[in-house]
Amino acid sequence: NEAGSYVTAVPSIVRFGSDLDLWSIARQINRSLGRRRRSGRHLTLLWAWRFICPPSLAMSSKAFGFVERTGPLNVSISNLGRYDFAERIGDWRLSGAQFISAVPSTGYFLATVNTSHNELFWNFTYPDAVVSHGAANSFADGCIQTLLHSIA
């Protein structure tokens with residue numbers, strides 16, 4: 001495995017709410033993605049960009065205005081899973097490998113999850129010009145409380 005900028009959005013639309021736990025939502029996402037991968041439709045969003053994106057910068061204000069008026073269109077999570085780094089490189093001892101990513105233009109929050117050196121890391125990214133620090137903290141705290149409640 002190589003760490004780097006290699007991920008595209010693979011959207012899943014799932015049912016959620018107080019009657020569904022975190023693990024049933026995760027299973028919905030895994031089933032949806034599995035079906036689309038088997039049929040070769042998991043990257044259709046990339047193909048569709050040619051129909052969605054404006055043909056020039058001069059013609060882009062209408063498209064970005066729509067996104068700003070109706071957004072956010074998503075809250076994203078990027079789960080890198082277990083990423084095993086070496087414990088040492090030369091004289092350096094490595095620990096706590098964490099990842100972050102840029103928030104897509106159609107969203108307001110991105111959560112990046114990875115497990116490295118036997119620890120779980122969950123980082124949240126948001127555009128501070130759009131989302132207040134208090135709202136971002138509240139969202140992140142709620143996510144972590146949901147996870148802790150699911151584990152308990």
For residues [X] and [Y], report the shortest heavy-atom separation together with the two atoms involved.
X	Y	result
Phe109	Val131	CZ-CG1, 3.6 Å
Ser116	Phe121	O-CE1, 3.7 Å
Ser132	Ala135	OG-N, 3.0 Å

For this session: Taking atom types as modelled, find out whether Ser39 and Arg35 have a side-chain donor-acceptor pair closer than 3.5 angstrom.
Result: no

Exercise. When you look at CZ of Arg88, are more than 12 heavy atoms from neighbouring residues, nucleotides or ligands closer to it than 6.0 Å?
Worked result: yes

Exercise. Hey, is CD1 on Ile89 packed in by over 12 heavy atoms from elsewhere, all under 6.0 Å?
Worked result: no

Exercise. Can you check side chain to side chain contact (heavy atoms under 4.5 Å, CB included) on Leu33 and Gln28, steps first, answer last?
Worked result: CA-CA 9 Å; Leu33 180 57; Gln28 286 181 67; over 6 Å; no

Exercise. From His117 NE2 over to Arg82 CZ, what is the distance, rounded to the nearest 0.5 angstrom?
Worked result: 10.5 Å

Exercise. Distance from Asn118 atom CG to Ser95 atom OG, nearest 0.5 Å?
Worked result: 11.5 Å

Would you give me the side-chain donor-acceptor pairs under 3.5 Å for residues 136-150, sequence neighbours excluded?
residue: Asn137; atom: ND2; partner: His133; partner atom: NE2; Å: 3.0
residue: Thr146; atom: OG1; partner: Gly142; partner atom: O; Å: 2.9
residue: Ser150; atom: OG; partner: Thr146; partner atom: O; Å: 3.0

For this session: Examine distances only and state if a side-chain atom of Asn114 and a backbone atom of Trp122 form a donor-acceptor pair shorter than 3.5 Å.
Result: no

Exercise. Counting only N and O atoms by type, is there a donor-acceptor contact under 3.5 Å from the side chain of Arg38 to the main-chain atoms of Gly34?
Worked result: yes

Exercise. Can you hop from Leu120 to Leu94 via hydrophobic side chains spaced under 4.5 Å?
Worked result: no

